[in-house]
Amino acid sequence: MSRTFLKMNGLGNDFVVIETLTQPFNPTAEDIRAIAKRPNSEKGEGGIGCDQVIAIDPPRAEGASAYVRFWNSDGEETGACGNGTRCVAWLLMQSGKKDAVAFDTVAGRLSGVMAGDKLVTVDMGQPGLAWDQIPLAEEMDTVGIELQVGPIDAPLVHTPGCVSMGNPHVVFFVEAPVDDAFATGTGSLVEHHPLFPEGVNVGFAHVAARDHIQLKVWERGAGLTAACGTGACAAQVAAVRRGLTDRVAKVEFESGALTIEWREADGHVIMTGPVTMEFVGKLPERAAA
Ligand SMILES: N[C@H](CCC[C@H](N)C(=O)O)C(=O)O
């Protein structure tokens, strides 16, 4: 039986979103890869194409409108996806005709409110800052860990910050915004570094002002994406911890910007950004797992 999906994105970081109320969804890694594979028009192969697949399941606990699962395009499930969280919050508020919503994920309860037309604010909870929350393979000061890429005497990047937003992030601070080739070459080296037993999302953050970060992220399990919501949260938290930015900053990708606040009162990370609805489609038989 085929299945309807919604194609959405947050600043170009794109998703195939399915609901599982009427039809369970327990995909294999191969099923996910088939859905996420970018279509190749010449050869006519490929799937829908996306960075992540998102399932909106019925709620499992009081007070939640849903339980949400995320998979990267490599087929592996992940605990968090910031841009996807905004899209899910928007969908749930639209369908529930509400201006606020809460839902559960592997990483815990998240909540969202409408902040304008197709603009959503989500509370991403508190960051994990201890070495074993990232996690790292050994104890280190996560404000700036002992890691460098490139020649010993002239490293390309070094001493990054580490933050968990329900998923692992390492953030290198760079003198100027990096290009795709640099982020790909360096990010792909660090993604599976033994220091990160669960892998890691690799951010390259240029602090342009105390309220402005320019960011590029090589994502674990998805590679270079147009934007990364949890990456933006991680970069802002890592920057505040080093005294580089104030508590509220614009985190800018080439595709647009998010507003990130690491709230002083309760340590929660609040992200505001856009939601884009691309189209509605039908998953082919096999992929409709
Ligand atoms: N690649 C990430 C998941 C998606 C994160 C990103 N798309 C976001 O908006 O936060 C990971 O494996 O932890």
Side-chain angles (χ1 to χ4, degrees), residues 7-17 29 32-33 35-36 38 49-55 68-91 103 105-108 110 112 120-125 127-128 133-136 162-171 183-184 187-188 190-193 196-205 213 215-238 251-260 262 269-276 278:
K7 183 68 175 24
M8 302 184 76
N9 75 73
L11 293 179
N13 176 206
D14 65 345
F15 315 108
V16 164
V17 185
I32 296 292
R33 286 193 292 271
I35 295 170
R38 301 283 177 192
C50 61
D51 295 323
Q52 277 87 31
V53 174
I54 301 176
V68 181
R69 291 175 288 162
F70 305 102
W71 292 265
N72 285 310
S73 53
D74 71 350
E76 296 302 315
E77 192 166 351
T78 177
C81 174
N83 288 315
T85 296
R86 287 198 319 281
C87 290
V88 168
W90 183 80
L91 281 176
F103 53 90
T105 68
V106 164
L110 301 174
V120 175
T121 294
V122 290
D123 179 340
M124 296 296 289
Q133 289 180 300
I134 305 303
L136 298 180
C162 292
V163 176
S164 171
M165 289 305 301
N167 59 348
H169 288 269
V170 64
V171 183
T184 300
S188 56
V190 174
E191 177 186 356
H192 298 296
H193 188 286
F196 305 101
E198 293 177 9
V200 71
N201 297 284
V202 190
F204 301 92
I213 295 173
L215 183 65
K216 196 172 281 277
V217 180
W218 172 270
E219 284 197 28
R220 175 183 65 170
L224 209 54
T225 58
C228 179
T230 51
C233 297
Q236 169 58 352
V237 168
V251 180
E252 185 181 21
F253 300 91
E254 286 167 19
S255 56
L258 300 173
T259 301
I260 310 291
W262 186 16
V269 183
I270 312 300
M271 164 176 52
T272 299
V275 165
T276 300
E278 293 179 25

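In listed order, ligands and their atoms are each counted from 1.
- Applying the side chain to side chain contact (heavy atoms under 4.5 Å, CB included) test to Asp123 and every residue at least two apart in sequence or in another chain returns Ser111, Arg263, His268, Ile270.
- Counting heavy-atom neighbours within 6.0 Å of Gln133 CD, excluding the residue itself, gives a total above 12.
- Listed by chain and number, the residues in a side chain to side chain contact (heavy atoms under 4.5 Å, CB included) with Ala107 are Thr105 (sequence neighbours excluded).
- One side chain, Thr230 or Asn167, offers a donor N or O that lies under 3.5 Å from an acceptor on the other.
- Looking at residues two or more places apart in sequence or on another chain, you find a side chain to side chain contact (heavy atoms under 4.5 Å, CB included) between Ala232 and Leu215, Val251, Phe253, Leu258, Ile260.
- Near ligand 1, residues Asn13, Gln52, Asn72, Thr78, Ala80, Cys81, Gly82, Asn83, Asn167, Asn201, Glu219, Arg220, Cys228, Gly229, Thr230 come within 4.0 angstrom through at least one heavy atom.
- For the atom pair CZ of Arg69 and CD of Gln52, the computed distance is 15.0 Å after rounding to the nearest 0.5 Å.
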